[in-house]
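Predicted, not measured: the structure shown is a model, and the values here were computed from it. Each chain gets a letter, A, B and so on, in the order the sequences are listed, and its residues count up from 1.
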Amino acid sequence: MTASASTPSTIIARFQVVWPGFTLDVDLQLPGRGVTALFGPSGSGKTSILRCVAGLERATSGYLAVNGQVWQDDARRAFTPTHRRPIGYVFQEASLFSHLSVRRNLEFGLKRTPVAEHQVGLEQTIALLGIGHLLDRRPERLSGGERQRVAIARALAASPRLLLMDEPLAALDLERKGEILPYLERLHGELDIPVLYVSHSPDEVARLADHVVYLEAGRARAVGPLNEILTRPDLPLVHLDEAAAVLDARVAGHDEVYHLTEVSIPGGRLAVSHSALPVGAWTRVRIHARDVSLALQPPERSSIQNMLPARVLDVRGDRDPAQALVRLDLGEGAILLARVTRRSVAHLGIAPGVEVYAQVKSVALMD
Amino acid sequence: MLTLISDDWAAVWLTLKLASTTTAILMVIGTPIAWWLARTRSGFKGLVGAVVALPLVLPPTVLGFYLLIALGPHGPVGQITQALGLGVLPFTFPGLVVASVFYSLPFVVQPLQQAFEAIGARPLEVAATLRASPWDAFFSVALPLARPGFITAAILGFAHTVGEFGVVLMIGGNIPGQTRVVSVQIYDHVEALEYAQAHLLAGGMLLFSFLALFALYTLNARPPKA
């Protein structure tokens, strides 16, 4: 990708549309790299934004610039039609062309992309999505998960400069989701294409997103880096059963004897189940609020070995009146969530500013 | 042994020529009409749809009567064709073609419209996101996906034109080799009490119509090829 200094790596999207019963009004400035999740309950306008970015829907009033290229500017009556935007779009249903084989589906966008714009090779895409053995099949002979992988590969083969994904896993059952997620994570790791990813699943967002736009009723209620949004006390995410913090982690070493991998995160180290990642590799850990307990002194002789010193930021009530949600500062801006009983809060005197030890019962490495 | 006389053969040949020409023209003009009807959000959709469907309910003589007046020497279309040096169309083969196009229009437009509607907007949106222009998407995605609709439209348009009688009689008259099609020839045979000749042609028509519909239902019932 060529991006000169004058083309900032940002996506600026301002859309205003009034449909019967729904108004979309957003003014977003998003990073032009990495995965940005458009996240929120259904009917919050996630898909509408994606369709406006693709030009499939035209906002009544809008401005859209992607890494320096203006695709819509209603002040100047400028609107680039969808087929002239270098995007890839993955719909919720794979929507493969039923009259074409898998191979011809993959070639559809590739053939229409000027050779000078080719960035992603067909072979690379096929390998990345693991669909080499499906090329001569017809779409109706594929499983749901295979179809969606082909759809993702088809979008990538057209060398998009922006990949738009509209709940690509929503139509799949849990097993198929598990089949595709690793491919999406590889995509994230191997290709330098910015992605807008629509989802209403906190789990998908935690696994894939770098940046999150939290939408409600057609408006962006919060925009920020993943962990900031996951741990923001004024958003409903922290009160979900699966409320969790997701932290960047770096592989620090492997313990072959006990089959553990040590990763360093802001404020300390954690031992996780053995990972194949090499020392020095970046990854993510997810720590659920329910798996974190608090102690005022470093506990001795505990089975819980993962322990991080932290300072209490705030304590608030949770959905369950017996529980409290404690936000902890690990340093370097990293925030951890802990869900403890209100009785413990009272007995231990947990209050903002108190130094505690967070005991982490369970950590998931996200690769 | 009873065989077709030369007049019969002329009528058969003329009928096939008329039906082929009409079907070809209808595929060309019916496709954009059907496409528009399938995709428009315009308020005129109902109006256009009703006009296209009129020949389904109108007695052929009524349609033929108005066409005769419109195409005739004093009719608006007749004035234009004369000004263009084409003469007047009634009682000529081109006149028959024009009338047949109107008469068979719904039989071509409606299957095409249904086929386009069944495809929906999604495949075309996908094509656009894969850099296909609207024309490109129409030819590379919509047409192949609507193929069963085209087969139905062509067979119905052809078969319906072969079977027309009232419109032909009104606008074409009964000129051997020019406007006397099979259905009119059967009528002539019956009038002349040549029942054996009428039987041959009528039986042929019956067989043809059956085979056309049989082919249609067989083709459309077949699952998409894997």
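- The minimum heavy-atom distance linking A:His83 with B:Ala132 is given by the pair CB-O, 3.1 Å.
- Nearest heavy-atom pair, B:Thr129 versus A:Leu56, reported as atom, atom and distance to 0.1 Å: CG2-CD1, 4.3 Å.
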**Message:** Show, in sequence, the C-alpha distance, side-chain angles and deciding distance for A:Phe108 and B:Ser140, and conclude whether the side-chain contact (heavy atoms from CB on, under 4.5 Å) test is met.
**Reply:** CA-CA 9 Å; A:Phe108 192 93; B:Ser140 60; 3.6 Å; yes
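- Around NE2 of B:His199, the count of heavy atoms belonging to other residues, nucleotides or ligands within 6.0 Å does not exceed 12.
- Heavy-atom pairs under 4.5 Å with chain B were tallied for A:Pro86, A:Ala157, A:Ser101; the largest tally goes to A:Pro86.
- With A:His99 contributing its side chain and B:Ala146 its backbone, the two residues share no donor-acceptor pair below 3.5 Å.
- Within a 6.0 Å radius of CZ in B:Arg122, more than 12 heavy atoms belonging to other residues, nucleotides or ligands are found.
- For a residue to count as touching a neighbouring chain, one of its non-hydrogen atoms must lie under 4.5 Å from one of that chain's; by this rule B:Ala127 touches chain A with backbone and side chain alike.
- Counting heavy atoms from C-beta outward, A:Arg154 and B:Val126 have side chains that approach closer than 4.5 Å.
- Only the backbone of A:Ala155 comes within less than 4.5 Å of a heavy atom in chain B; its side chain stays farther off.
- More than 12 heavy atoms of other residues, nucleotides or ligands lie within 6.0 Å of CZ in A:Phe22, so this atom counts as buried by the packing criterion.
- Residues A:Tyr89 and B:Glu125 form no side-chain contact, since every pair of their non-hydrogen atoms from C-beta on lies 4.5 Å or further apart.
- Counting only distance, with no hydrogens or angles, the side chain of B:Arg131 and the backbone of A:Ala158 share a donor-acceptor pair below 3.5 Å.
- Rounding to the nearest 0.5 Å places CG of B:Leu130 at 11.0 Å from OG1 of A:Thr82.
- Atom OH of B:Tyr66 is surrounded by 12 or fewer heavy atoms from other residues, nucleotides or ligands within 6.0 Å.
- Of all heavy-atom pairs spanning B:Asp136 and A:Arg112, the tightest one is OD2-NE, 2.6 Å.
- For B:Arg39, the CZ atom is densely surrounded, since the number of other residues' heavy atoms within 6.0 Å is greater than 12.
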